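By convention in this document, chain letters (A, B, ...) are assigned in the order of the sequence lines, proteins followed by strands, and residues within each chain are numbered from 1. Given the structure is predicted, the values throughout are model-derived calculations rather than measurements.
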Protein chains: 2
Amino acid sequence: MYRLTNSFPYLLNRVGVRMGELFSRRIAGYGVTLPMYRVMAALWEIGDQRLGDLAAMTTIEISTLSRLIGEMKRRGLVTRTRLKDNARTVAINLTPKGRALVEELIPIAIHFEEVAVRDFPSKNILDLKTVLAEIYESLNSIEPEIEEANKARKAARPKG
Amino acid sequence: MYRLTNSFPYLLNRVGVRMGELFSRRIAGYGVTLPMYRVMAALWEIGDQRLGDLAAMTTIEISTLSRLIGEMKRRGLVTRTRLKDNARTVAINLTPKGRALVEELIPIAIHFEEVAVRDFPSKNILDLKTVLAEIYESLNSIEPEIEEANKARKAARPKG
DNA sequence: AAACAATAATTGCGTTTGCAAATGACAGTC
DNA sequence: GACTGTCATTTGCAAACGCAATTATTGTTT
């Protein structure tokens, strides 16, 4: 018997949303939203990124990210400069201010994660992370299959 | 050395968002959004729920859910009725139409999940689910601790 | 039983989001 | 070197979202 509450996407989403809520509130006092933190932490890990790459890395939709970067630039957290040799792409980087801020937030993120998983054997968490990373990769390969199913249905019942 | 891309919330969120995207597209042809599916599947599992309980079950913010239920009622998928004995609460249920629809979608959800995790030993997935459920529970108990940290910071730097 | 507090849901309002269309820039073709 | 196509980003627009305030009902106090 199927139960939503035992399905993998449900269990995943629930923990993700909840952790996001808690961490958002934790960093709100720094004037930073969760997407902003993700962008800064991503740039701290790999700087000088293009918009599309940053979108892939953070799983933020590209138009949303474009506007977010605009706001963060306005706040002096990142730079966004058109490349000289390829002016259709843009290079995004942390400013010193953005770097200082994210380096203040990262210890908070580390502590948050520690507290969240401290009741579990670290081996479990490590395995969990590995599986999550692998599942993410495998999703790319099943995407065409999903799209197929959509088309199959459309063909069977047009405009249904 | 900290890396965002190795942090638990990041890995979690990424898989959650991606699976959500794929499944959303899969069911879009039925005129149903992902939040709508979650509500219907939740009601299919446990019917006759109050708004607040349904919000907790689906991790949808309560005002968002209130409006969503309004739209779903308009579409004839659910009923929302004030209780006679306690008129400040409401009871939400599937209509026959809503039930029929969700029973059409559930097999799709089951198949989707199967495909998504088919490359992994089912024991791993089972363990993963267990850990996710436990972590979710444990988040409730750390919430006060997180809030404490916020207050501590506020006290140290008012309006900072 | 009047006043006050607590609970449940809804609504106002500004912000964020995502799709689709538009823009801008480069690459290949004839 | 104009013409067409492709790639990367931005923008228009309507829908979805979340917080805070509001409404409606029930529970408690004296």
Listed pairs under 3.5 Å, donor-acceptor, residues 111-118 of chain A side chains, sequence neighbours left out:
residue, atom, partner, partner atom, Å
A:E113, OE1, B:F8, N, 3.4
A:E113, OE2, A:K129, NZ, 3.0
A:E113, OE2, B:F8, N, 3.1
A:R118, NH1, B:E145, OE2, 3.2
A:R118, NH2, B:E145, OE1, 2.9

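- Pairs engaging residues 43-70 of chain B under the ring pair (Phe, Tyr, Trp, His ring centres under 6.0 Å) rule: none recorded [sequence neighbours left out].
- Listed by chain and number, the residues in a side chain to side chain donor-acceptor pair (under 3.5 Å) with A:E134 amount to none (sequence neighbours excluded).
- If you walk DNA chain D from 5' to 3' and mark each nucleotide with an atom closer than 4.0 Å to a heavy atom of chain B, the marks span D:dC17 to D:dG27.
- Note on residues 52-100 of chain B: no pairs pass ring pair (Phe, Tyr, Trp, His ring centres under 6.0 Å), not counting sequence neighbours.
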Footprint string (nucleotides 9-17 of chain C, 5' to 3'): B base within contact, S backbone only, - free, heavy atoms under 4.0 Å
SSBBB---B
Under 3.5 Å, sequence neighbours excluded: what are the donor-acceptor pairs made by side chains of residues 92-102 of chain A?
residue, atom, partner, partner atom, Å
A:N93, OD1, A:D48, N, 2.9
A:N93, ND2, A:D48, OD1, 2.8
A:T95, OG1, A:G76, O, 2.6
A:T95, OG1, A:L77, O, 3.1
A:T95, OG1, A:K97, N, 3.4
A:T95, OG1, A:G98, N, 2.9
A:K97, NZ, A:R75, O, 3.0

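- Between the P atom of C:dA27 and the CG atom of A:N86 lies a distance of 7 Å, rounded to the nearest Å.
- Legend: residues meeting side chain to side chain donor-acceptor pair (under 3.5 Å) with B:D85, ordered by chain and number and at least two apart, are absent.
- When each of A:I60 and A:K84 is assigned the nucleotide of DNA chain C with its nearest heavy atom, A:I60 is the one assigned upstream, toward the 5' end.
- Each of A:L54 and B:V17 belongs to its own hydrophobic cluster when Ile, Leu, Val, Met, Phe, Trp and Tyr are linked at side-chain heavy-atom distances under 4.5 angstrom.
- For B:R82, there are no side chain to side chain donor-acceptor pair (under 3.5 Å) partners two or more places apart in sequence or in a different chain.
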